[in-house]
There are 2 protein chains.
Amino acid sequence: MIDVEKTKSEIVEIAREIFAKFGFKKTTMDEIAKAIKKAKSSLYYYFQSKEEVFQAVIEQEADLLREKIEKAMSQEDTPQGKLRAYVITRMKALRQLANFYSALKDEYLENFKFIEKFRRKYDEEEIQTISKILSDGVKRGVFNVKDVEMTALAILIALKGFESWIFQGNIRWSEKDIDNLLDVLFYGIVKK
Amino acid sequence: MIDVEKTKSEIVEIAREIFAKFGFKKTTMDEIAKAIKKAKSSLYYYFQSKEEVFQAVIEQEADLLREKIEKAMSQEDTPQGKLRAYVITRMKALRQLANFYSALKDEYLENFKFIEKFRRKYDEEEIQTISKILSDGVKRGVFNVKDVEMTALAILIALKGFESWIFQGNIRWSEKDIDNLLDVLFYGIVKK
DNA sequence: TTTTCGACCGAAAAAACAAACTGGTCAAAA
DNA sequence: TTTTGACCAGTTTGTTTTTTCGGTCGAAAA
């Protein structure tokens, strides 16, 4: 009982690599099992299905991202700083996760309920994070936002737009570019 | 010679409907031909290939969109008004073109050079349009934009983000919502 | 001279079918 | 408690055969 968790995380760790390389569909349970030198059926002692393994991998990856963002944000003090940290950390991390992320997104099997479900959940989470930054800024009197939730959603959507633009390999954004864009978000384009 | 153009546009019109319904791949030249009560080989008197027919359809569709946007923008006077007209007209039109647009995008044959080429060309065109609005605003002293091209690109990317969000059917944006977002773009979120 | 058409071609896609694979179960072994 | 090989049923894959489809061409309409 004591090392069930240990074996589980061992499985997840290996599975993460293989999934990242081949995607969900082309990864077989047998591969994963052999990689940890067990029989395929052993995996089913720890996980109920292939989906559940994948879910665990995704969850772990999300935890990591969450952690990074949390840390970067906590080092900032102003709402502007936090928002900037959020955007930049998110972009950098996602760039690193590119191969894994594409295995998730690109895989021609988007029509998996659990992936859709996870994405929805994580989207919601991100909106909450952004909303919190925004309403905190409003509370502190530095932001002026009419509809916090809607604006947070808009920011997220825009971020996702940039994201997919990056994955298409269309352009490389430097940190300076991003700062430029954040300037637009912060101060708008209308001259004061 | 006189009604060559007439027949051509007749073909394009019919082809547009069929392409919109079945996408590029699943539409056959025979179908198109039969729909205008001609033999397949007759089509090749007017167009050199299936691709060329498709290209003509897309070009026509783009012309229509261009026209709509042009008209809406010309009715506005201020740079803000023009940008707003641009964004709203674009979104509305794209929503109407949804079925056709999805045939273009969704079709699992993105790997067609000419589609990619067209998209690149149209992207470039849109960036130029937005850039023009922005630099005009700067010239008139109402906008304050550091890097016009980059900002234009950013706006376009954000728009595309919203676009795909819409096509995913995730949300319906009211005109009021869009105005809210434009407010962010115009004035930023930082309190003055 | 301009336009339409049926016959035809080669490459590509669909259909059909057998063989191999894979997610998942289970009773037994360790 | 944990691991395992044998096993099953539904897919996927590899292969062969058939059909479809984009495109050409020479001849018939007009």
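Lettering of chains follows the sequences in order, A, B, ..., and the numbering in each one begins at 1.
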- Item | Among D/dT3, C/dG23, C/dT3, the nucleotide that comes nearest once only the side chain of A/Thr28 is considered |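 Between D/dT3, C/dG23, C/dT3, the one nearest the side chain of A/Thr28 would be C/dG23.
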- Ignoring the backbone of B/Ser49, work out which of D/dT2, D/dG23, D/dG22 is nearest its side chain.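 Nucleotide nearest to B/Ser49's side chain: D/dG23.
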- Message: If you compare every side-chain N and O of A/Tyr45 against the phosphate oxygens of D/dT3 (OP1, OP2), does one of them come in below 4.0 Å?
- Response: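 No, A/Tyr45 has no side-chain N/O under 4.0 Å of OP1/OP2 on D/dT3.
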- Query: Does any pair with a residue in residues 74-89 of chain A pass side chain to side chain donor-acceptor pair (under 3.5 Å), and if so which ones, sequence neighbours excluded?
  - Reply: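 Sorted result for residues 74-89 of chain A: A/Arg84-A/Asp179, A/Tyr86-A/Glu126.
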- Item | Pairs where residues 44-53 of chain A contributes a residue and the test side chain to side chain donor-acceptor pair (under 3.5 Å) is met, not counting sequence neighbours |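 Not a single pair qualifies under side chain to side chain donor-acceptor pair (under 3.5 Å).
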What's the [atom1]-[atom2] distance between [X] and [N], to the nearest Å?
X       : N      : atom1 : atom2 : result
A/Lys6  : D/dT2  : NZ    : C1'   : 15 Å
A/Lys26 : C/dT22 : NZ    : P     : 11 Å
A/Ile18 : C/dG23 : CD1   : P     : 11 Å
B/Phe22 : C/dA13 : CZ    : P     : 19 Å
A/Met29 : D/dT4  : CE    : P     : 14 Å
A/Lys50 : C/dC21 : NZ    : P     : 16 Å
B/Asp3  : C/dT3  : CG    : C1'   : 10 Å
B/Glu52 : D/dT24 : CD    : P     : 11 Å

- Item | Residues that A/Trp173 engages under ring-ring contact (aromatic ring centres under 6.0 Å, His included), provided they are two or more places apart |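 Per chain and number, A/Trp173 pairs via ring-ring contact (aromatic ring centres under 6.0 Å, His included) with A/Phe162.
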Residues two or more places apart in sequence or in another chain: which of them pass salt bridge (charged side-chain N to carboxylate O under 4.0 Å, His left out) with [X]?
X        : value
A/Lys117 : none
B/Lys92  : B/Glu175
B/Lys71  : none

- Query: How are the rings of A/Phe24 and A/Phe19 set relative to one another: parallel (under 30°), tilted (30 to 60°) or perpendicular (over 60°)?
  - Reply: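 Ring orientation of A/Phe24 relative to A/Phe19: parallel.
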For residues 7-14 of chain B, which side-chain donor-acceptor pairs fall under 3.5 Å, sequence neighbours excluded?
residue	atom	partner	partner atom	Å
B/Thr7	OG1	B/Asp3	O	2.9
B/Ser9	OG	B/Glu5	O	3.4
B/Ser9	OG	B/Lys6	O	3.0

- Quantify the bending of the helix from C/dT1-D/dA30 to C/dA30-D/dT1 as the angle between its end axes, each fitted on five pairs, to 10°.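 Between the first-five-pair axis and the last-five-pair axis there is 30°.
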- For DNA chain D, find the residues of residues 35-44 of chain A with a heavy-atom distance under 4.0 Å and give them by number; none if there aren't any.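 Residues of residues 35-44 of chain A under 4.0 Å from DNA chain D: A/Lys38, A/Ala39, A/Ser41, A/Ser42.
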- Query: Heavy atoms under 4.0 Å, any strand shown: does B/Phe47 hit a base, just sugar-phosphate, or nothing?
  - Reply: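 Since no nucleic acid heavy atom lies under 4.0 Å of B/Phe47, the category is nothing.
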- Message: A/Lys191: which residues meet the side-chain hydrogen bond (donor to acceptor under 3.5 Å, both in side chains) condition with it, sequence neighbours left out?
- Response: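 Counting only residues at least two positions away or on another chain, A/Lys191 forms no side-chain hydrogen bond (donor to acceptor under 3.5 Å, both in side chains).
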- Item | Within one Ile-Leu-Val-Met-Phe-Trp-Tyr cluster: A/Val57 and A/Val4, side-chain cutoff 4.5 Å |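 Cluster IDs for A/Val57 and A/Val4 match.
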- Item | Pair listing, salt bridge (charged side-chain N to carboxylate O under 4.0 Å, His left out) test, anchored in residues 139-153 of chain B, at least two apart |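 Listed once each, the pairs are A/Asp183-B/Lys146, B/Asp136-B/Arg140.
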Report all interatomic pairs (protein N or O, nucleotide N or O of nucleotides 27-30 of chain C) with separations under 3.5 Å.
none

- Task: Check whether the side chains of A/Glu124 and A/Gln128 place a donor and an acceptor atom closer than 3.5 Å, and report yes or no.
- Result: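 Checked: A/Glu124/A/Gln128 side chains pair up, N/O donor to acceptor below 3.5 Å.
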